[in-house]
Amino acid sequence: MTNKLKYFIGNWKMFGNLNSLRIIDQIEAFCNKYRKYRQNYKVVLCVPSTLIYYFSNKIRSNFVSFGAQNCHKNNKFGSFTGSLTAGMLKNAGANYIILGHSENRLEGDTDKEIKQKIESAIKEKLNIIFCIGETTKEKRSGKTFKVLKKQINNSISKGNEMKKIIIAYEPRWSIGTGKIPKVNDLSKIFCFIKKELRKNFKTKKSNLVLYGGSLSGKNINMFSSISDVDGFLIGGSSQSSKKFIDIIKNYYK
Ligand code: PGA
């Protein structure tokens, strides 16, 4: 088990209301109590925009931070009904933001738009969780590395402040399906992503890279053997304090 800081990031998706504060309370209480590994991990909860302000005011925590799940590509107020700028989310209390999630890509987000969103979020000094990943079809036809390379290079600019960008490798075929990549494949993919980032963006240290897709308390332990994994983006299992806490506990078991 490595002592490197690991991220446990929850993606609540379209879930939660004001009563869900109790889930956060329980997670925060766990982080406070479970001292053994506390200095080794960080918890971020990316909740619906409607809850960021409320949660971040109610929970003043050294261990739990809040994030948003998407933003508009423009960073100025404008006539975009239903949309939010990165600055509005920051102003509500977000410190992190998920961008490029495959569910948003399916709804039409292109690499080019994601690039503009990343730039807006960087201007607002938000930490970005930039999601990349291949579909089943791309995996079957051996295109995984090509797809990841394209997603990285089309959406990150050379001038970006690289330390603000955390990559989340989330194969689309694994999200919400219960399917998990093999350890061997994951090790190769993580090594490839980190090499690609160092090579293209000339950073001494690679960006942090997380894994996401069908994580649970039952399968988290297999990731302990992959030292390149800097943490996890957790969807369904982050909507329950018990399931989320089990993931942290079982990772360190
Ligand atoms: P899942 O979702 O953990 O429910 O598969 C992950 C995600 O969409 O970020």
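We count residues from 1, following the sequence as given. Everything numeric here is computed off the predicted structure, so don't read it as measured data. All ligand and atom numbering here is 1-based and tracks the order in the structure.
- Distances from ligand 1 to the non-hydrogen atoms of Gly213 include at least one value under 4.0 Å.
- Ionic pairing of Lys195 and Asp228 is not present here: no N-O contact between side-chain nitrogen and carboxylate oxygen is shorter than 4.0 angstrom.
- Shown in contact with Gly176 at under 4.0 Å from a heavy atom are these atoms of ligand 1, numbered in order with element: 1 (P), 5 (O).
- Counting only heavy atoms of the protein, atom 4 (O) of ligand 1 lies nearest to Gly236 N, 2.9 Å.
- Checking only distances, Lys13 does come within under 3.5 Å of ligand 1, N or O to N or O.
- Any N or O atom pair closer than 3.5 Å counts here, and Leu233 shares no such pair with ligand 1.
- Using bins of under 30°, 30° to 60° and over 60° for the plane-to-plane angle, the ring pair His72/Phe80 lands in the tilted bin.
- Atoms of ligand 1 found under 4.0 Å from any heavy atom of His101 (numbered from 1 in listed order, with element): 7 (C), 8 (O), 9 (O).
- Backbone and side-chain nitrogen or oxygen atoms of Ser214 are examined, and one is located within less than 3.5 angstrom of a nitrogen or oxygen of ligand 1.
- Annotation for Gly16 and Ser20: closest pair CA-OG, 3.2 Å, computed over non-hydrogen atoms.
- Hydrophobic clustering of Ile, Leu, Val, Met, Phe, Trp and Tyr side chains at less than 4.5 Å, counting indirect connections, unites Phe244 with Met222.
- One finds a salt bridge joining Lys242 and Asp246 here, because a Lys/Arg side-chain nitrogen approaches an Asp/Glu carboxylate oxygen to under 4.0 Å.
- For atom 9 (O) of ligand 1, the nearest non-hydrogen atom of the protein is Glu170 OE2, 2.7 Å.
- Closest to atom 3 (O) of ligand 1, if we only count protein heavy atoms, is Gly235 N, 2.9 Å.
- Under a hydrophobic-cluster definition in which Ile, Leu, Val, Met, Phe, Trp and Tyr are linked whenever side-chain heavy atoms come within less than 4.5 Å, directly or via other members, Tyr211 and Val147 are assigned to different clusters.
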Full working for side chain to side chain contact (heavy atoms under 4.5 Å, CB included) between Phe55 and Val64: CA-CA 10 Å; Phe55 288 170; Val64 179; over 6 Å; no
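- Looking at Asn11 against ligand 1, only its side chain comes within 4.0 Å, counting heavy atoms.
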